[in-house]
Each structure stands twice: as structure tokens, then as C-alpha cells.
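Note on naming: letters A, B, ... go to the chains in the order of the sequence lines (proteins, then strands), and numbering restarts at 1 for each one. Quantities reported herein were computed from a predicted structural model and do not represent experimental measurements.
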Amino acid sequence: MTVSATKTTSTAKLLPSPLNAWFVAGWDHEISAKGILARTIAGRPLALYRTGDGRAVALADACWHRLAPLSQGKLVGRDEIQCPYHGLRYNAAGRCTSMPAQETLNPSATVPSFPVVERYRYVWVWLGDPTKADPGLVPDMHQLDSPEWAGDGETIHAPCNYQLVLDNLMDLTHEEFVHSSSIGQEELSESEFEVTHDESSVTVTRWMRNIDAPPFWLKNMRDKFPDFEGKVDRWQIIHYYFPSTICIDVGVAEAGTGAPEGDRSRGVNGYVMNTITPETERSCHYFWAFMRNYRLESQLITTQLRNGVHGVFGEDEAMLLAQQAAIDANPDYEFYNLNIDMGGMWVRRLLERALEAEGRLAALPGS
Amino acid sequence: MADSHHILWQQAVVDAVSDVAENIRRIVLRPERPCAIRPGEHVDVRTTIEGEQHVRSYSVVNAADDGTHLALSVFRTPTSRGGSVFMHSLQPGQSLEITQSMQNFPLRIGAPSYVLLAGGIGITAIAGMAALLRRLGADYRLVYVARSRDAMAYLDDLAAMHGDRFEAHIDAEGVSLDVRALVGSAPEDAEFYMCGPIRLMDAVRRAWTERELEPTNLRYETFGNSGWYEAEPFTVRIPRLGVETHVGSDESVLEALERDGVDMMSDCRKGECGLCQVKVLELAGRIDHRDVFYSDRQKEPNTKMCCCVSRVVAAEPGTDPTPRPTILTIDVP
């Protein structure tokens with residue numbers, strides 16, 4: 001008799017964040033030359049601002065001297081930030097340009113300045129090894145600033161580990177229970193889904209054919225086709241991109257008009273753009289937007305969709321808060337996995353590989 | 001907040017030693033807690049000098065990617081502060097205490113171009129930067145100067161590795177560096193990183209200021225161990241405290257006073273922070289200012305000095321009709 005070895009897996013409840021990765025530090029409009037934004041990214045407090053010529057800057061938010069928060073200081077000159085405490089000034093490279101009561105500058109006086117890239121309406125920051133900060137690694141969120149798409153979004157300060165948000169978005173069967181009044185329907189958990197992955201992305205595809213459109217989608221169909229009645233084919237194609245961006249291709253089309261085969265002309269298509277930036281172990285900045293590729297001229301629809309998704313994501317936020325609280329209140333219990341977690345488990349696998357490459361997997365609970 | 005400045009002491013074992021130039025020994029260490037090391041970082045080492053523990057800083061010349069091995073190169077001068085004598089005595093298998101590497105001289109990634117200048121043993125801080133810039137395909141120039149070829153560690157390796165981007169200037173071979181020409185030829189937006197004797201760095205600083213280049217683009221690291229003159233022994237006095245003591249050529253005023261029990265304030269011990277400044281009351285000799293804390297304007301009247309690095313040498317021959325012993329009379333905070 002052979003006994004096969006039992007592999008016990010541990011699904012992390014608090015996943016650390018990789019550092020060799022681009023994370024969104026803020027919306028383009030949040031970071032300005034008029035003031036300094038204080039925001040913690042992956043445990044690192046940052047002071048975010050723009051230079052006089054509009055370039056975004058991310059400095060460690062602690063003065064070299066006595067660690068006073070630079071974000072409470074002010075912007076001076078062409079590209080400098082002045083410490084609110086003793087007036088030391090730093091330029092965009094984080095190099096001290098002025099010290100009180102001396103005629104020279106201590107050559108060691110610098111604060112870390114992190115690589116920044118501005119793309120898709122976001123300012124992205126790289127906290128890890130700067131020699132690896134390749135702008136080509138910024139996840140594709142092109143719908144956010146493409147002339148072929150319209151829409152807008154918001155930021156949720158989510159009181160949970162960022163991985164819980166990724167779990168939430170990689171498996172949309174929760175819509176039936178969490179979002180029953182808007183986008184939920186029982187066909188979500190009844191339909192098959194397919195998962196694929198490569199070294200930096202995971203895709204989960206689900207088609208629900210010949211079903212009734214839930215209220216949110218019926219409204220969208222009628223924005224484009226005012227007289228629409230009848231059944232739809234509905235799709236959800238979830239694209240995860242390392243480290244924590246999830247763009248979900250969603251929509252419905254008149255049933256049987258060929259949408260699953262590629263002809264979406266009798267339907268409406270949206271993209272739910274999500275990118276999640278870890279803040280602390282138990283909190284994250286969740287940047288989202290809903291983009292559409294029809295009725296681009298309608299600001300009314302943009303506002304309605306943003307408000308609608310705001311309501312839907314409010315339901316997620318309440319669940320994530322309750323889930324994190326329950327995790328913390330039950331420290332002796334582990335996570336178990338269901339078939340529906342396939343996509344989320346591939347995301348964890350890619351993140352854990354990245355953490356391992358950074359030598360930080362040891363920080364994983366239970367490993 | 002400096003880039004990485006936690007002082008974490010650990011054991012390290014000497015893996016190998018070899019002579020890489022006249023009086024320069026390469027020492028490869030295996031630290032107990034390896035971590036990746038970036039160019040410009042240094043480790044502090046606890047050295048034992050005549051039974052006493054002292055801390056000395058040495059640049060990491062290069063290291064394994066995962067930090068399991070790191071190499072230092074230590075120059076032993078005739079007027080060594082003692083640390084280099086200890087370092088040259090190390091043998092494979094011996095263990096010593098070092099810190100995890102610390103960063104006071106970070107190389108910024110992404111500058112449009114770079115000039116790297118190393119004088120003598122200063123190559124230890126610069127070589128790693130050049131290697132990284134080469135790997136990244138950056139636009140850089142590596143300039144290495146010394147008195148003689150024998151004194152230049154890694155000369156052939158660097159020439160082979162950096163090809164056209166490398167140039168050596170060797171005084172003994174009649175190809176001394178023209179500092180003004182070097183600074184004059186640097187692109188406007190170049191970042192300039194240098195490590196070497198204070199004469200060289202001062203000359204670059206002056207040429208940089210003269211050309212009105214962006215001051216913060218001139219980066220340098222000093223360990224405060226070179227001066228305008230060779231170190232000489234002298235006497236230091238603090239009349240208010242009734243102190244008079246001898247300063248050997250291998251120790252600083254600060255160390256001599258501490259040894260004598262004077263309660264001294266200091267921090268960086270490399271002439272940067274200004275905490276160790278003392279008032280000069282009387283001077284028989286000349287001050288050799290070795291710090292970067294005072295401006296030239298402040299150094300000139302010789303009324304204050306940074307006693308962690310600056311020294312006194314005998315008055316210029318012929319200037320004093322009745323030659324006297326070299327004595328520095330100071331007061332301390």
C-alpha cells in the first residue's frame with residue numbers, strides 16, 4: 001500500500017505586499033503643485049506633490065533630521081518641499097537643498113524619492129528596487145483615458161487586507177448575495193466559468209446565456225436601445241494584472257445575437273476598472289472606475305453609472321469590513337477554499353511568487 | 001530619514017583576503033544575516049586597536065546579489081588611524097562584528113548622464129556604481145585618479161569592464177587629471193558622484209560652483225580621513241578644564257580628548273554634522289580643516305574646527321622666527 005503525502009496548504013489571511021511593483025498612489029487630480037498629499041502605500045508613508053512643471057513626486061514622508069512629516073510642510077521654489085519643523089528643504093530627488101544655521105549642506109541629508117509614472121489618470125509609484133522600475137510593467141488600464149471609452153470613478157478606503165478585495169473581484173458569484181438588488185442573479189452561481197493564467201495575469205471568463213437582465217443591465221441596455229425587451233447573454237471577463245489591478249469586461253447583449261462569438265453590436269459593454277493599493281496590513285486604497293463604450297456624449301449616464309457602482313461597491317465595503325473584523329476576531333481559524341476561488345487562488349500564487357523572489361515570503365503567516 | 005540607516009550589528013566570517021594594490025587588501029566577508037547591497041553602501045566594523053574597540057566605516061566594493069558575500073578593500077596608510085592595521089591582520093576563518101550595510105551615498109537611478117570620479121581608495125565607493133550603471137545601459141563616465149599605478153586597486157578589471165567609458169589619470173605617468181576640464185565637460189544635467197582625497201573633492205566642488213551647476217547634482221562621500229597635509233602629532237590644550245594631551249598621528253583630537261576623559265559631544269565622526277565643533281583660542285601651527293561642515297569662508301579665520309577630523313600641523317617652515325612645538329588651544333561646549 002502506498003500512502004500519498006498530504007499537502008497541507010495555508011491560504012494567507014494577511015498577505016504582505018510585494019514592493020517591486022507599481023501601485024497607484026492617487027488619481028492624477030489628487031496630486032497637485034498647490035499642496036502635499038500624505039498617503040501611506042504598502043506601509044510606507046509618502047508625501048506626494050507636483051513640481052512647478054507638473055511632474056509628480058513621491059518622497060518618504062519623514063524629514064532626514066527628526067522624522068517630522070514633510071507632508072505637513074509646504075512647497076517652495078521650483079520643485080522643493082520644506083519641512084514644517086526646522087525648515088530643511090528637499091528637492092524632487094529627495095536631496096536636501098537648505099539646512100538651518102549652517103552655510104553648507106550635510107552630504108548625507110537625503111530622503112528617499114521613489115520612481116513615479118503617470119498613466120491612465122493615475123500616478124503610480126514603485127517602492128522596491130529602483131533599477132527594476134520599468135514603466136512597461138504598469139498594468140494595462142487604457143480604457144480610463146481612451147477616447148473610445150467614457151466614465152469616471154472614486155476611491156474607497158477599504159478597512160481590510162488588499163488581498164480580500166482581490167478575492168472579492170476574482171469571484172463574482174458573491175453578486176447574487178451581496179448585490180441582489182442591482183447586478184445579482186442566481187444564474188451567476190449556476191453558470192460555468194473558465195480560468196487561465198500566465199506569469200503576470202489571470203483571466204476568469206463567465207458567460208450566462210439567455211437570461212433576464214438584472215436591473216442595472218436592463219437600464220444600460222435601454223440607454224443604448226430604448227425599446228429593448230427580452231432575454232440577454234451576459235458576460236463577465238475578469239482580467240487580473242500583477243500586482244493588484246483587476247479590469248472586468250462586463251456587459252449584456254440581446255440573446256442569441258452572437259455576443260459569445262464576438263459580435264457585441266447588439267449589446268452594451270462596460271469595463272469595471274479596479275486597482276488596489278495596500279496601505280497597512282489591514283487597510284487599502286481601492287481605486288475604481290466604470291467605463292463604457294456607448295453613449296460617450298452623455299454626462300448623465302457617466303454620473304448615473306458612477307453613482308450606481310458607488311452603491312454596489314458600498315455593499316462590498318460593508319462586507320469586507322465585516323470579514324476583516326471576523327478574521328481578526330477568530331485568529332485560530334484558517335481559510336478554506338471553494339471551487340469558485342480558482343481565480344483568486346491563482347492571484348495569490350502570483351503574489352506569493354513575487355514575495356518569494358523578494359525574499360519576503362517568510363513574513364507570510366502560517367508559512 | 002536616511003535611505004537605510006538601521007544599525008544592526010552581526011557577526012561576519014572572513015572568507016578570503018588578497019592584496020589588490022600596494023597597501024590595499026581586499027577582504028571578503030560572509031555576514032551572518034545577508035541582505036542585498038546597493039552601490040554606495042558601507043558597513044561599520046568593530047575593530048580592536050591596542051585592546052580598545054573602535055568603529056570604522058568601509059565601503060562595500062561589491063557583493064553577491066543576495067548579499068551572502070561582500071568585499072571591502074582597505075588601504076593601510078603609514079598614519080593609519082589603527083583600523084586599517086587591524087583589518088590587514090584579518091585571516092580567513094576569523095570572525096568580526098560588522099553592521100548590516102548602510103546607505104549614505106545613494107546612486108539615483110534615472111539621471112540623464114553620470115560622471116563618476118574616484119581618487120585612490122575612493123574607488124571602493126564608486127566601482128559598484130559604475131558596474132550598476134553599465135548593467136542598466138546608462139550614459140556614464142568613470143574617471144579614476146591616483147599617484148601611481150601600483151596604488152590603484154582593480155585598475156585592469158575596471159579598464160576591461162568599462163572600455164571607452166573608463167579613463168585613468170596617473171600622476172606618476174604624467175597624465176594628471178585636469179579637474180576644471182572634467183567638470184567643464186560634464187553635461188549640464190549630469191549627476192557627479194565622487195569619493196577621494198579632500199584636495200581632489202574640494203577642487204571639483206570649486207569648479208562645480210564656478211560653473212554654477214545644480215549644487216545637489218554633485219554627490220560625494222567623505223570618511224574624513226584625508227587632509228591637505230600628512231597627519232602629524234601635536235598637543236591639544238583646554239585651559240578651562242586644565243587638560244593637556246598628546247594627539248597621535250593615528251588618532252583624532254576628539255579621540256585623544258575622549259581618551260583623556262573629557263566629556264565630548266559628537267555624532268558623525270566624519271566631518272559632516274558639526275556637533276563636535278570646538279572654539280580655537282590659540283594656535284601654534286596650521287589647522288588642516290578636513291570637514292565638509294564649514295564653508296570656506298568659515299574655515300579661513302581658523303576660529304572653530306570640527307575636532308572629529310580636522311587636525312593641526314607645524315607652521316610652515318620659515319614663517320615662525322622661533323620655531324615652537326605644534327599646540328592647539330581650544331575650548332569645548
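B:Arg33 CZ: more than 12 foreign heavy atoms inside a 6.0 Å radius. Residue B:Glu32 places its CD atom among more than 12 non-hydrogen atoms of other residues, nucleotides or ligands, all under 6.0 Å distant. Around CG of B:Asp65, the count of heavy atoms belonging to other residues, nucleotides or ligands within 6.0 Å does not exceed 12. The environment of B:Lys299 atom NZ is dense: over 12 non-hydrogen atoms of other residues, nucleotides or ligands sit within 6.0 angstrom.
Neither the backbone nor the side chain of B:Phe105 comes within contact range of chain A; no heavy atoms are under 4.5 Å apart. Both the backbone and the side chain of B:Asn217 come within contact range of chain A, each with at least one heavy atom under 4.5 Å from a heavy atom of that chain. Neither the backbone nor the side chain of B:Leu218 comes within less than 4.5 Å of any heavy atom of chain A.
Comparing B:Cys268, B:Cys35, B:Ser295, B:Gly271 by how many heavy-atom pairs each has under 4.5 Å with chain A, the most go to B:Ser295. Ranked by non-hydrogen atom pairs under 4.5 Å with chain B, the options A:Leu105, A:Thr104, A:Asp129 are led by A:Thr104.
Electrostatic pairing of A:Arg95 and B:Glu191 counts as a salt bridge here, judged by a charged N lying under 4.0 Å from a carboxylate O.
At least one side-chain heavy atom of B:Glu272 sits under 4.5 Å from a side-chain heavy atom of A:Pro107. You'll find the side chain of A:Ser108 reaches within 4.5 Å of the side chain of B:Lys270, heavy atoms only. Looking at B:Tyr294 and A:Glu103, their side chains never come closer than 4.5 Å, going by heavy atoms from C-beta outward.
The distance from atom CD1 of B:Ile109 to atom OG1 of A:Thr131, rounded to the nearest 0.5 Å, is 6.0 Å.
Considering every non-hydrogen atom in both A:Thr110 and B:Pro106, the closest pair reads OG1-CG, 4.3 Å.
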